[in-house]
Protein chains: 2
Amino acid sequence: MPNMCYLVGTAGSGKTILTSSLQTYLITKGASLTTVNLDPAVKHIPYQADVDIRDYIDYDQLIDEHNLGPNGAMIAAVDLVADHINDLRDDIEELGESSSLVLVDTPGQMELFAYRRSGTEITSSFPLDTSFIAFLFDSTLVSHIGGFLSVSLLATSVQLRLNLPIAHVITKIDLLKPHQVEDVLAWRENPYDAIEEDLIGMTREFSLQVGQIIEGLGQIPLIPVSALSGEGLELLSAQISRVFEAGEDWSI
Amino acid sequence: MPNMCYLVGTAGSGKTILTSSLQTYLITKGASLTTVNLDPAVKHIPYQADVDIRDYIDYDQLIDEHNLGPNGAMIAAVDLVADHINDLRDDIEELGESSSLVLVDTPGQMELFAYRRSGTEITSSFPLDTSFIAFLFDSTLVSHIGGFLSVSLLATSVQLRLNLPIAHVITKIDLLKPHQVEDVLAWRENPYDAIEEDLIGMTREFSLQVGQIIEGLGQIPLIPVSALSGEGLELLSAQISRVFEAGEDWSI
């Protein structure tokens, strides 16, 4: 089975645009890549999807036939992804055999994938030792300590739910000033000072517990990227390469 | 300002149906209640909304006018909620003055509310010392230890993000056997035995860290309810009453 890299993150965190930039970057570097779209409700994707769940699930038809509102239709569409695991496996195996990496863009609304059945059913249907999550930290959320702690816990929650190795990726760093990116990287090493300064609403006990969890994440890579400028794609690519020990063909 | 209770939880966890059952229960108990719908994309709600965000945001018009796909439209609609804080405040203050409680049903897709701007902008615009989150644990997610730990971390992430006191509510317990509910309640006290047994994929270090966080949540109430049978509504109502010290009129 090929190496699978799932891009997961909250709505608007930049999964689809990062899939696109990473695809271009990796292909330029000579990687043989299979790119998968798992979002049945997306209208336009800016990359070439080699495998596309929309070939199996018609979101508009679902709305029309079942008279669903937008919330219900979105839930139903993403839940249906789990019913097409065999189709996806066949498609991915066929293309993935000659690929060093399968890049998987997950549904726009993360919770429908991660906290309902389709996420775990998809990820557990591929070998766990060749699968990996890139969890996207939306830079607009994590540029203050409370948001950073909150998204770190969210990433850990998703890691537990999908039960896969993970890397954390700060996206859209073109929206931050360089010192803000440095702050976020520093909080991963030592969150306590920032917690003391900023989190007035937290009790000391609670903040220490959360700080310990964050410190415990220390060994998980935290990679700042901009899909817009391309900054950080080299590091992210190297990290994926390292996880899969894919050799040097598309690593830095 | 009135006491605010926000029902928050992942898509499908039962926010809307619990809002409905709780409304009926509390009114029967003699509570003076204001019920708020904050989901601009919901089609049908089974309760009487005294304040309704759909009076200010027209989801269908948003799709038509901006030519948005379903993901984009959902994000835009929930983001727009933040632009109507003054309208909501006025409506809630007017009705809430004679209410002992304002029950707030939040958008279907939790991440759009909790991990984008509208959630924090709404909650921070009301006094924090009279606000409270009821975080819904979907029983279909938390009936195994991995799911329970994952949702516990998710709840903690949301608590940090919204920075409010919280109670955890296990919903739809009519879908579980009584011993399963007891298991979940026991895991809150001592998650370690279950972690040792079931979480093969977790390293020992990681599992201990997560266990510590769960143990640290010990003082947060964990209330099993069924909106269908009404089981647990008395306990939940008592908890809300206790948080706000609202007297005995609608507490048990």
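Letters go in sequence order (proteins before strands), and every chain restarts at 1.
Looking at every heavy atom in both residues, B/Gly12 comes nearest to A/Arg116 through CA-NH1, 3.7 Å. Closest of all the heavy-atom pairs between B/Leu112 and A/Ala11 is CD2-CB, 3.4 Å. Taking all atoms of both residues into account, the shortest heavy-atom contact from A/Ala41 to B/Pro70 is O-CG, 3.2 Å.
Heavy-atom distances place the side chain of B/Met74, and not its backbone, under 4.5 Å from chain A. There is no contact between B/His44 and chain A, counting heavy-atom distances below 4.5 Å. With a 4.5 angstrom heavy-atom cutoff, B/Asp60 does not touch chain A via any of its atoms. Contact of A/Leu154 with chain B is made through backbone and side chain together, with heavy-atom distances under 4.5 Å.
Counting only distance, with no hydrogens or angles, the side chain of B/Gln109 and the backbone of A/Gln109 share no donor-acceptor pair below 3.5 Å.
Of the inter-residue distances, the one linking A/Thr156 atom OG1 with B/Leu149 atom CG reads 12.0 Å to the nearest 0.5 angstrom. Taking CG from A/Asp39 and CG from B/Asn71, the interatomic distance works out to 4.5 Å, rounded to the nearest 0.5 Å.
Between A/Leu141 and B/Arg161, some side-chain heavy-atom pair lies under the 4.5 Å cut-off. Side-chain contact between A/Gln159 and B/Ser150 is absent, with no heavy atoms from C-beta onward closer than 4.5 Å.
In this structure B/Tyr56 satisfies the ring pair (Phe, Tyr, Trp, His ring centres under 6.0 Å) test together with B/His84, sequence neighbours excluded.
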